[in-house]
Amino acid sequence: MNSVYLSHNNIISAYGFDSAAAVSSIKNEVSGLSLVDDSKILPNPFYSSLIPQGSLSEAFEKLNPKEAYTRLEQILLVSLADTIKKSGIELSDRVGLIVSTTKGNIDVLEDDSPFDEERAYLNELGKKIENFFGFKNEAIVLSNACVSGVLALAVAKRFIHQKRYDHVFVVAGDLVSKFILTGFNSFQALSETPCRPYCKTRAGINIGEVGCSVLVTADNTNLVDESVRIIGEASCNDANHISGPSRTGEGLYRSIVSAMNQAEIEADAIDYISAHGTATNYNDEMEAIAFNRANLQHTPLNSLKGYFGHTLGASGLLETIIGMYSLHSNTLFASLGFQELGVSKPLHIIKKTTAKESSIFLKTASGFGGCNTAAIFQKVNS
Amino acid sequence: MSSADYKIKSYCHIRDGKVSKNGEVLFSDSSEEFSAFIKATYKHFETDYSKFFKMDNLSKLAFMGAEVLLRDTDEKNIALILSNRASSLDTDRKHQAAISKQSGAFASPAVFVYTLPNICMGEISIRHELYSENSFFIFAEFKPHLLSDYANDLLETEKANEVLCGWVDYDKGKYDAFLYVIAKKGLLPLDTGELTKLYRTK
């Protein structure tokens, strides 16, 4: 089977408008979370990381838009424009587009939205992005809860293997909206403080927003310094509960084992785990059980939710891109917010950003509907 | 095994008050409302599963389609690849209506959890004990070639032994489900033309 790589990439976040801005802040253990007071979203202030609208509008105007675009569309277009430009790839019929999102333009359902309700249909969002750049192929929208961002990479690889495309651009994003915040609030899942994944004092999640994009390609001549090869990926359901994680970490454990089998590696070959770590009691406990069953309890692990919050359909892609830079710079990034282990099984949480020679990392995610995804990436340039 | 060898093992339509399997109508009901129709479907197939009544419309539709195709199978490594146009918008509108009242005080976790289209695959996985691959795609219309590419890859890499694929859409009271099982042995060749023809069959 031919190799498939992740290459040119971009992250639009509270830190700035490229991946480097996010990576340098993370390296310095600086959180992107701050207290947001917006009664249109929630009556009480909440911790989040938001993309500043002023800078977004400014960056978006440079793309010379010919019509009005929603906030999410602007974020996705600005991110993808950067990745496409850097790749130098002509958008021929061999180039695919995958859009990863859980809720897309769901904010257009609000009474005061200037956009038509049609815009809430996810294929309309896909079409806006496809037409803006002139993709020859119809956008494939993947909406698979919180595993969407990393599953989208597996999907891109699978379409490349089937010779449907030579290159696939994956773009991912979700907004911080009243729709999402009130929903998580109804589950009493929101933390009133910056989140603390795996910590004894963890008190729930923060929701954040980013837009990010990456080129997935079979062409090993169009790679970047931080490029990685996808060596294994799998997605397994818990078959247990639609909103509660499995007590045995079943789906996550099976996803990890299946991805390791495909990569033909054992647990000790993995240098680093970029875990999901939402900082809810149940999720973090489930992950601890699954990692122990997979014999990964001694492998250095972080959750990046303490930097960005949970960015929903973008999180898996966002955290994979950060993982690429982590491998490239041989640096393990601190799991921000963590103080003392608060799960029932041992885990090796990265407490401080440290240097470590690394070549393989595992990315995992889990979500509502009992879905789980694991993907394993290997450094290309050492 | 090359993709040309895979077959359509069985297929099911749920639309216009009818449930059919492999082209044969198994049940029809004249209820105008989806809720009454799908409840009658549930009863007709003697589905003893109380969680059904907590599901949203999209999940009920997908669940009954899977019920028709999977109830007699022993295979457990069946991947799910579903698609539609309206995502979970039917339930999204309910959540939106609740939170529009005041300060989000009326948001309900029992509604909010269904504001994701992949939840229906979670329901099918729980019912049939499938610890398998799940992917939910949104398209303007049924795209058999893309679903087949994806199914082929899961079968070729031995991530799944069979795949339950198809289209399951619920929007503004209208419903349309066309699900099919792809396997090594079956009724019909797996090809885009065949799938398009079957999908359009009334």
Side-chain angles (χ1 to χ4, degrees), chain A residues 1 39 41-43 99 102-104 106 109-111 120-127 138 140-145 147-148 151 154-155 157-159 161-164 178-179 181-188 234-243 250-251 254 258 262 367-371, chain B residues 3 55 59 79-80 85-89 92-93 95-100 103-141 143 145-146 148-150 152-154 156-157 159 171:
Chain A
M1 249 183 214
S39 61
I41 294 181
L42 272 188
V99 180
T102 63
K103 297 314 311 163
I106 198 66
L109 296 186
E110 288 168 17
D111 292 338
Y121 287 81
L122 296 180
N123 67 293
E124 294 294 321
L125 170 66
K127 212 186 288 173
E138 186 185 347
I140 294 171
V141 180
L142 178 72
S143 187
N144 217 91
V147 310
S148 301
L151 183 59
V155 172
K157 177 190 169 183
R158 291 164 182 178
F159 280 117
H161 270 161
Q162 292 298 313
K163 313 245 182 279
R164 176 66 55 190
K178 182 177 181 180
F179 188 100
L181 271 285
T182 55
F184 279 98
N185 203 29
S186 75
F187 269 101
Q188 299 182 313
S235 189
C236 297
N237 199 285
D238 285 332
N240 174 61
H241 196 276
I242 53 167
S243 60
E250 201 58 38
R254 288 175 185 243
S258 174
Q262 185 176 22
F368 278 166
C371 53
Chain B
S3 57
M55 295 179 197
S59 287
L80 307 179
R85 176 170 179 273
S87 182
S88 54
L89 268 170
D92 296 355
R93 292 185 185 104
H95 175 64
Q96 185 67 40
I99 64 173
S100 297
S103 315
F106 293 90
S108 151
V111 173
F112 183 65
V113 70
Y114 286 100
T115 63
L116 293 162
N118 63 296
I119 299 299
C120 68
M121 298 189 300
E123 297 285 14
I124 294 168
S125 299
I126 295 166
R127 166 68 166 173
H128 299 281
E129 296 173 344
L130 305 178
Y131 300 98
S132 46
E133 288 268 346
N134 286 189
S135 298
F136 205 105
F137 296 105
I138 311 296
F139 299 121
E141 56 188 17
K143 297 279 176 190
H145 62 294
L146 294 176
S148 293
D149 274 359
Y150 198 68
N152 285 336
D153 205 71
L154 294 178
E156 284 171 16
T157 55
K159 290 207 171 80
D171 193 18

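Here the structure is a predicted model, which is why all the values come from computation and not from measurement. Lettering of chains follows the sequences in order, A, B, ..., and the numbering in each one begins at 1.
Closest approach of F179(A) to I99(B), counting heavy atoms only: CA-CD1, 3.7 Å. When all heavy atoms of S108(B) and S186(A) are compared, the pair lying nearest together is C-OG, 3.8 Å. Pairing each heavy atom of S135(B) with each of L142(A), the nearest pair is CB-CD1, 4.4 Å. Minimum interatomic distance between Y131(B) and C236(A) (heavy atoms only, all atoms of both residues): O-CB, 3.8 Å. In terms of heavy-atom proximity, S143(A) sits nearest to I138(B) at CB-CG1, 4.3 Å. Across all their heavy atoms, C371(A) and N118(B) have their closest contact at SG-ND2, 3.7 Å.
Classification of the F112(B)-F368(A) ring pair by plane angle, with boundaries at 30° and 60°, yields perpendicular.
The most heavy-atom pairs under 4.5 Å with chain B, out of G369(A), G367(A), G126(A), S235(A), come from S235(A). Heavy-atom pairs under 4.5 Å with chain B were tallied for G251(A), G104(A), A145(A); the largest tally goes to A145(A). Chain A forms the most heavy-atom pairs under 4.5 Å with one residue out of L130(B), L80(B), L146(B), and that residue is L146(B). Ranked by heavy-atom pairs shorter than 4.5 Å toward chain B, the options K163(A), E250(A), E138(A) are led by E138(A). Note on G122(B), S132(B), S87(B): by heavy-atom pairs under 4.5 Å with chain A, the leading option is S132(B).
Annotation: the span from D149(B) atom CG to R164(A) atom CZ amounts to 4.0 Å, rounded to 0.5 Å. The CG atom of L151(A) sits 7.0 Å away from the CD atom of E133(B) when rounded to the nearest 0.5 Å.
Proximity to chain A involves both the backbone and the side chain of T115(B), based on heavy atoms less than 4.5 angstrom apart. For E110(A), the parts lying under 4.5 angstrom from a heavy atom of chain B are both the backbone and the side chain. Proximity to chain B (any heavy atom under 4.5 Å) is shown, for R158(A), by both the backbone and the side chain. Contacts between N144(A) and chain B at a heavy-atom distance below 4.5 Å involve backbone atoms as well as side-chain atoms. For V155(A), the parts sitting under 4.5 Å from any heavy atom of chain B are the backbone and the side chain alike. With a threshold of 4.5 angstrom between heavy atoms, S258(A) approaches chain B through side-chain atoms but not through N, CA, C or O. Contacts between E129(B) and chain A at a heavy-atom distance below 4.5 Å involve the backbone alone (N, CA, C, O). Of the two parts of H145(B), the backbone and the side chain both hold a non-hydrogen atom closer than 4.5 Å to a non-hydrogen atom of chain A. Residue contact with chain A, scored on non-hydrogen atoms closer than 4.5 Å, involves the side chain of L89(B) exclusively. Using a 4.5 Å cut-off between heavy atoms, I124(B) makes no contact with chain A at all. Contact of I140(A) with chain B is made through backbone and side chain together, with heavy-atom distances under 4.5 Å.
Remark: of the listed residues I106(A), L109(A), T182(A), T182(A) is the sole one forming a side chain to side chain contact (heavy atoms under 4.5 Å, CB included) with H95(B).
Using modelled atom types, no side-chain atom of K103(A) and backbone atom of D92(B) make a donor-acceptor pair closer than 3.5 Å.
Side-chain contact check for I242(A) versus I126(B): some heavy-atom pair is nearer than 4.5 Å. Looking at heavy atoms from C-beta onward, E156(B) lies out of side-chain contact with H161(A) at the 4.5 angstrom threshold.
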